[in-house]
Structure formats: structure tokens, C-alpha cells
Amino acid sequence: MNAFDTPENAGHGALLTIDLGALAANWRMLRQRAGTEASAVVKANAYGLGIEPAVTALARAGCKTFFVAHLSEAVRARAVAPDATIYVLNGLAPDSGGTFAEHDLSPVLGSHEELLEWAGFRQSGAKVRPAALHVDTAMNRLGLWPGEGLDLAREKTGVIAAAGIGLVMSHFASSEVVDDPANARQIAAFAEIAEAFPGMPASLLNSSGHFLPNCPSYQLTRPGYALYGGNPTPGKPNPMRPVVGLEARIIQLREVQGGMQVGYNGTWTAKGRSKLATICLGYADGYPRNASWTDRSQGGSALVGGVRCPFVGTVSMDLIIVDVSDAPTDAAVRGAPVTLIGGELDLEAVGAGAKTIGYEILTSLGRRHARHYVGL
Ligand SMILES: *Cc1c(COP(=O)(O)O)cnc(C)c1O
């Protein structure tokens, strides 16, 4: 039986299939490629896949360190990974030390204020795991200035010791653009930082960082997107296994004549006689409205019987209309599933059709889909 037809999924318009075996295989592949310890970045509900199943699968594969963005995400990860090291990238919110201690979590400290507050918290007798120190080498977003990081490293008895730092890290701004000169500058800046903290584990690589030439792996990597099947080498073949599939059912079919307008505000006009399918998924399911296909702009598409069929008109809240004129007639029938993510419609293609990136497609994946986890 198709997973769509099981009693618990039958009432849903769309089915999200998540291959936890492929997730684990992707993690192992990246670990092997880097030749060092690999963590997993599971922020934003594991990029939309579900933090509990993702962390469970990755922990079983041998992953011992996880990064999330928020403290609340860390608490969820802790519930399924009792022994793991769990870092909170957004750092120490004011007066949140108690929650870190209660759940045995580690902040990624990115400012003097955070360092001092965490050091004070430890000095008050709190028993906590080591924290990480974030040095900003490009983005001016989170983390200490490189100069501040170097100064702290030199004050041997200072706040670094008091804060119990166990990892120094930085984050790439453009690692998916292999020939961006910013990469070499960041690699050099971080090499200086890492050297200033002798014996301290260091971490630099995000997904695309694994594929940059001349970049050391350090002691811990931090892949996110590539674990979930995203292409860390855009423009080149994807070395990762696909993890996510999305299908939605056809609920109606109709034929329109040339000149007829379709969808809200009549933004698409049939050029000739066309067969249209209305499918059970829309922007309320996280499929971007920017994937609308109008007379003036191209948008997203679906695979119907393996044939790529363009959307027509605006993406509605619960529905999308697809031109299935070129699809095999036995695939374009009421109740049949069409593919929104899968096959040639990989995350990059779907992102491009919606004028965004695959990351946003993943992290927007709807709460209304039936979710089918396989491969564990
Ligand atoms: C999100 C994030 C990552 C993972 O990045 P990907 O491009 O998804 O691999 C790594 N490090 C930090 C600091 C991040 O915020």
C-alpha cells in the first residue's frame, strides 16, 4: 500500500516522506570526507524534518554533538539524546543559565557580556558542560571580533578560563561559492584564532565548507543542509543522498480553452487548449507563493507521471493548479499523487522555481503534511 493510503495519512492532502537512513548515510559521508569528528546542525526543527526523529537517527549513527539555534530546541534535542553535547548557537540569553544547567546544555558565547555572565554563573557553583566561543570572521552577525578573540586568548588567566570554553568556532559567509575570495580570508583569519588557543578543539566547516579546497577540517565539523539532502556544491552534481520527498494529490481535472484566465486575479492565461490539475497543497503548507506562474513570470512545477509540468496562476492557500497537458494520461487522474520534491525536482530546483534557496524550502515544510519516516 502507498503510504498515502494508510488510515492515518488518507485524510491529508500531501505526504512528506523523510528517509532517516539517507540522513544517517549523509552524515557518515561528510564525516569520512572531513576525516574528523562530525556534529549535526539540527536547528529549525532539523531544517523542517523533525528534530526528534532526526536527532534519534543521527545519534544512532554515532553523532555525539548537536547544534541548535534556540534553547527551546536544545531542550527537545536533549529529550532524545541524553548523553550528547548540545550547543545553542544563539548563545546565552540574559538569565537563562539555569535552563542550560538543568538540561546540561552548552551555549555558544559570542560577546563579552555573554562570557562574563556565563563565567559568573559557573563561579556561583553551577555544574555545566564546557561552552563554545564564537569568533566572527566575516558576517558581522554573531560572535566576537577576531581581534577580541586573539586578545582573550592571550590573557591566560582571564575570562576564557572562568567561562570554561571547550570549543572555538567560526562560520563561513560564502562557502557555497568556491571561488569567492572571502573564503580564503576567513580560512586565514580562523587559522590565526585557532592557533591562539593551543590544544583547544576548533570548528569551522558548514556543509559547503567540506567541499572547499585548502580548508582544514579542525576537530569538529558542523554540517546542516547537506545532511538533509541539500546540494553543498551548487551548480555541480549533488554528492548527497536525497532525504525528503513531497507528494500531493490531484483533486480535480479540467480542460480550458485558449484565452481563459486561471487562478486568483487571472494572472495566467491559457495560450491554447490545456489540461489542468488542481492539487491539494498551497502556501499554508509552506510552499512559497513566490512559485506562482503568471503570464509575465515563471514559477514552480510538479512531476506528473515523471513529466515536469509547470504551475499555472497563483499558488493559493490550499491549492496549486498545474498544467498537465504533457503528462501521461494515466498519471493525471483524480486522486493520483504528483511529486513536488523528488527526482529532478531536488531542493535546488524547487528553491529556484520559488525564487529562493533550498534551505528555505526545507525549513518551511508544512505542518499540515502527513509525515512518513522511513529507513530507520
Ligand atoms: C546553520 C549553521 C551551520 C550549518 O550550515 P549549513 O550551511 O546548513 O551546513 C553551521 N554553523 C553555524 C554557526 C550555523 O548557524
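All ligand and atom numbering here is 1-based and tracks the order in the structure.
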Checklist line | side chain to side chain donor-acceptor pair (under 3.5 Å) involving Gln252 - partner list, sequence neighbours excluded | finding: Arg254

Check: Please, which pairs that meet ring-ring contact (aromatic ring centres under 6.0 Å, His included) have at least one residue in residues 183-222, sequence neighbours excluded?
Finding: Phe190-Tyr218

Item checked: Derivation of the side chain to side chain contact (heavy atoms under 4.5 Å, CB included) call for Val350 and Leu340 -> CA-CA 8 Å; Val350 177; Leu340 281 310; over 6 Å; no

Next item on the list: Indicate whether the side chain of Gln186 and that of Thr137 have a donor and an acceptor atom separated by less than 3.5 Å.
Entry: yes

Next item on the list: Not counting sequence neighbours, which residues clear side-chain contact (heavy atoms from CB on, under 4.5 Å) with His372? List them please.
Entry: Ala3, Leu15, Thr17, Val374

Checklist line | Sub-4.0 Å heavy-atom environment of ligand 1, residues by chain | finding: Val41, Lys43, Tyr47, Leu89, Met169, His171, Asn206, Ser207, Arg222, Pro223, Gly224, Tyr225, Tyr359

Checklist line | Shared hydrophobic cluster for Leu204 and Val178 (ILVMFWY, side-chain gaps under 4.5 Å) | finding: yes

